[in-house]
Chemist: 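Below is the structure I would like to discuss, written out as structure tokens.
The first residue in the sequence is number 1, and the count goes up from there. Just so you know, ligand 1 is whichever comes first in the structure, and atom 1 is the first atom listed for that ligand.
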Amino acid sequence: MTSPSLSFPPDFFWGCATAALQIEGSTEADGREPSIWDDFCRNHPERIHGRATPEPACDHYRRWQEDLDWIGKLGHNAYRFSLSWPRGVRGLDFYDRLVDGLCARGVAPMATLYHWDLPSRLGSWENPAVPEAFAEYVELAARRLGDRVTHWMTLNEPAWSIMNGFVTGLHPPCVQNLDRAFQAGHQLMRAHHLALARLRSAGVRGKLGIALNLSPVRCAGTSAKDRRAARWADDYLNRWFLEAVVHGRYPQAAARRLRFEQVLDNPQPVDFLGVNYYYPKWVAHSQRPTQFHLNTSGQSQEKCQFSLQGRLQFVDSPRAEKTEWDWEIDPQGLEDLLLDLNRSYPGLPLMVTENGIGLREDPSCQDDPQRIAFVEAHLQAISRALAQGAPVKGYLMWALMDNFSWLNGYQKRYGLLAIHPETLERRPKASAEWYRRVFQTSAGSKS
Ligand code: BG6
């Protein structure tokens, strides 16, 4: 099955990614405080498929040793997980044991410091006190784990937090206001730079970065208005955050257009850029009323919609192969993205920190040829990007196991490990063994 066209450096990182809220459960254990997602699920059960909640998720908080054994058995040499800020200092005891367990199995611990589970008491990212509160938490984490974590990611997908939290309003705090979106985005970028400064001053040994959701933007029309719409999408969905991270400032022309005057104090460089890639965006001009919809049912006739009146809409690609959740499958987009990043920021190390496919699978499913085909095609894309000089350092598949897929509840399954909904028993799917064989043929993995 493994394609001969896959070629990777010997020190390549191979593994999977997860996030605390999506796998841990135990949301009231050991003094954990509520997060905005716990509240959202409690207050708006009708917005989440099957009225699901992050409880018990995969019960990873209690079954973490078994999960680490799986990571070891599957031969991964890296694991990306997130720290649950709502667990506070006591939670760091848990991550301390987790990191020790990874090191004992020869797996590089890669920690995301924030993956959407903002403590409720802080309100939202519009609150200008949040970045400093985050930096204080980061400092505690740095002191506790800084001698062993190999890669730190400050934030997961700030653009997606802002897009869904403050533009579409589909995620908490469910606001629909562009001005407020950019102000909240600014607090996230302040938090990112403050966090990097604290990690550096704490003298952590790992490399410092962030995981950005990035999508090549493809113009779906031929008019000047369509081209302007595509530029707008690229400027604000990709370049806004990229420039703020890499150069510590917002892209000038894009900021001027919005009369956005905020600046980032004491910007910090990153050692690597985490790239979360799922699908490209096809963009055209639109006069349609502003409207947003995400397919959360997995019924392919339910279309995702994103239109900002007078500005743009996302449209179907002319040749799209799609998942049941209406997400386009386009491995070429990943190659294009990695090459574009290497052109824009030559030599900046890149890591694919998320990529995977959500499928509707029977809980007892072990055969997942669609996932194998998806990952293989994306690995080929990375391999081609590497051959053209893009400095890609690793691939972390989303996800280690089926998990709480936000608005999609538990029906949309991403895991190498299937989680039985009642017993929570873990079972490897065919992709888990396939993935192991892929990197066994590459010198960088444990065999
Ligand atoms: C990324 C997130 O945006 O996409 C993950 O970082 C998420 O947390 C993944 O689960 C897939 O999205 P979804 O909504 O299908 O679970």
Chemist: Checking a contact table here: which protein heavy atom is nearest atom 13 (P) of ligand 1, and how many Å away?
Modeler: S405 OG, 3.4 Å
Chemist: So which heavy atom in the protein is nearest atom 14 (O) of ligand 1, and how far is it from that ligand atom?
Modeler: N408 ND2, 3.2 Å
Chemist: Below 4.0 angstrom from a heavy atom of K412, which ligand 1 atoms are there? Numbered from 1 as shown, please.
Modeler: 15 (O)
Chemist: Tell me the protein heavy atom at minimum distance from atom 1 (C) of ligand 1, and give that distance in Å.
Modeler: E354 OE1, 3.1 Å
Chemist: Taking the side chain as C-beta and beyond, is there a heavy-atom pair between R218 and P216 under 4.5 Å?
Modeler: yes
Chemist: Would you mind telling me if ligand 1 is within reach of the side chain of W325, the backbone, both or neither, using heavy atoms under 4.0 Å?
Modeler: neither
Chemist: At the 4.0 Å heavy-atom cut-off, does N156 count as touching ligand 1?
Modeler: yes
Chemist: Taking the side chain as everything from C-beta on, heavy atoms only, tell me whether M163 gets closer than 4.5 Å to F306.
Modeler: yes
Chemist: Within the structure provided, determine whether Y114 and S82 are in side-chain contact (heavy-atom separation under 4.5 Å).
Modeler: no
Chemist: Does K429 reach the side chain of E361, with side-chain heavy atoms less than 4.5 Å apart?
Modeler: yes
Chemist: Would you say the side chain of P280 lies within less than 4.5 Å of the side chain of V217, judging by non-hydrogen atoms?
Modeler: no
Chemist: Counting distance only, does the side-chain N/O of D234 pair as donor-acceptor with the main-chain N or O of R239 below 3.5 Å?
Modeler: no
Chemist: In the protein, what heavy atom is nearest to atom 3 (O) of ligand 1, and what distance, to one decimal place, separates them?
Modeler: E157 OE1, 2.5 Å
Chemist: Are the aromatic ring centres of F94 and Y61 under 6.0 angstrom apart?
Modeler: yes
Chemist: Using a 4.0 Å cutoff against the non-hydrogen atoms of H115, which atoms of ligand 1 qualify?
Modeler: 2 (C), 5 (C), 6 (O), 8 (O)
Chemist: What about W327: any of its N or O atoms under 3.5 Å from an N or O on ligand 1?
Modeler: no
Chemist: Hey, is Y278 one of the residues with a heavy atom under 4.0 angstrom from ligand 1?
Modeler: yes
Chemist: Report yes if some heavy atom in the side chain of C174 is under 4.5 Å from a heavy atom in the side chain of R47; otherwise report no.
Modeler: yes
Chemist: Just to confirm my output: which protein heavy-atom neighbour is closest to atom 10 (O) of ligand 1, and how far is it?
Modeler: Q22 NE2, 2.9 Å
Chemist: Answer whether the closest heavy-atom distance between the side chains of V270 and L348 falls below 4.5 Å.
Modeler: yes
Chemist: Got the closest protein heavy atom to atom 7 (C) of ligand 1, with its distance?
Modeler: W406 NE1, 3.5 Å
Chemist: Would Y414 count as a polar contact of ligand 1, with the cut-off being nitrogen or oxygen pairs under 3.5 Å?
Modeler: yes
